[in-house]
Asks: 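Let me give you the structure first, and then I'll get to my questions.
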Amino acid sequence: MLTYQTWKKPSVQFEIDPVYKGAVNLLEWTYEHYGKSVVYACSFGIEGIVLIDLLTKVQPKATIVFLDTGVHFKETYETIEKVKEKYPGITIDMKKPELTLEEQAETYGDKLWERNPNQCCQIRKLDPLKDSLSKGNAWISGLRREQSPTRSQVEFINKDDKFQSVKICPLIHWTWKEIWRYVHKHNLSYNPLHDHGYPSIGCSHCTTQAIDINDLRSGRWKGKGKTECGLH
Ligand code: SF4
């Protein structure tokens with residue numbers, strides 16, 4: 001089995017078919033290779049809606065982890081409920097940080113996300129994901145190459161030094177238009193904030209409407225010089 005410890009560049013090739021751009025082929029390989037221990041870390045943004053639909057074609061009983069920081073939009077929690085209804089076989093683990101928001105404020109001071117967003121993301125996102133990934137050899141992520149310069153080099157199968165794991169990225173060849181075409185074609189429910197100027201949706205304290213229409217992540221950590229939560 002290909003793991004972080006046994007990593008070598010995979011020789012397996014996936015056909016980039018016109019419908020799924022290789023995503024379903026890769027997911028089939030992933031579940032055959034790793035079994036059910038593989039975890040999909042989903043933020044329930046629009047890529048997540050597509051990926052869950054693809055994932056459940058291959059593994060109707062997939063396990064999905066949502067990093068429940070405690071400061072998500074109510075629309076995000078409502079979207080999760082709709083996904084649960086549509087795909088009753090999946091398990092969604094609402095993974096919480098070790099510290100509640102009150103405990104975090106007591107230890108590090110109020111509104112840590114304003115003063116030190118990297119530390120806040122470490123506590124509320126990275127540490128919980130690390131714990132979830134400690135039980136398996138691989139995880140799935142909805143990254144697309146088109147999303148940002150920092151994501152443009154992502155491969156289908158990646159060595160993940162940060163979490164000492166293997167990161168599987170089925171959507172790397174999908175464009176923003178293709179994502180939406182799929183959502184509409186299959187009549188999938190999605191977070192309504194996408195229709196109100198939020199192409200990328202994270203915690204409510206750190207997400208605004210996009211300020212640059214050509215930069216889908218320009219509404220994340222606006223003015224803080226930060227573009228990623230640190231998971232990738
Ligand atoms: S996105 Fe903001 S609120 Fe959420 S964990 Fe990171 S810094 Fe904290």
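Side-chain atoms are counted along with the backbone in the values below, which use heavy atoms only and exclude waters and symmetry mates. In listed order, ligands and their atoms are each counted from 1.
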Asks: In sequence, state the C-alpha distance, the side-chain angles, and the governing distance for E85 and K82, and then conclude on salt bridge (charged side-chain N to carboxylate O under 4.0 Å, His left out).
Replies: CA-CA 5 Å; E85 276 170 33; K82 285 187 186 161; over 6 Å; no
Asks: May I ask you to identify the nearest protein heavy atom to atom 2 (Fe) of ligand 1, giving residue, atom name and distance to one decimal place in Å?
Replies: C206 SG, 2.3 Å
Asks: Look at the aromatic rings of W180 and W176 and report parallel, tilted or perpendicular, splitting at 30° and 60°.
Replies: perpendicular
Asks: Is the backbone N or O of H184 less than 3.5 Å from a side-chain atom of N187, with the two atoms forming a donor-acceptor pair by type?
Replies: no
Asks: Quick check for you: to the nearest 0.5 Å, what is the distance between I46 atom CD1 and I201 atom CD1?
Replies: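 Here the interatomic distance stands at 8.0 Å.
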Asks: Considering non-hydrogen atoms of the protein only, which is the closest contact for atom 8 (Fe) of ligand 1, and what is the distance?
Replies: C120 SG, 2.4 Å
Asks: Inspect the contact between K95 and D131 and indicate whether a charged nitrogen and a carboxylate oxygen are less than 4.0 angstrom apart.
Replies: yes
Asks: Show which atoms of ligand 1 fall inside a sub-4.0 Å distance from at least one heavy-atom site of W113.
Replies: 2 (Fe), 3 (S), 7 (S), 8 (Fe)
Asks: Quick test: of every protein heavy atom, which one is nearest to atom 6 (Fe) of ligand 1, and how far off is it to 0.1 Å?
Replies: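 Protein heavy atom with the smallest distance to atom 6 (Fe) of ligand 1: C121 SG, 2.3 Å.
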Asks: Check each atom of ligand 1 against the heavy atoms of R124 and keep those under 4.0 Å away; list them by number with element.
Replies: 5 (S)
Asks: Considering all heavy atoms of both residues, which atom of L101 and which atom of T69 are nearest to each other, and what is their separation?
Replies: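 Looks like CD2-O, 4.3 Å.
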Asks: Atom 4 (Fe) of ligand 1: which protein heavy atom is closest, and how many Å away?
Replies: C203 SG, 2.4 Å
Asks: Mark up the atoms of ligand 1 that fall under 4.0 Å of a heavy atom belonging to V71, in ascending order.
Replies: 3 (S)
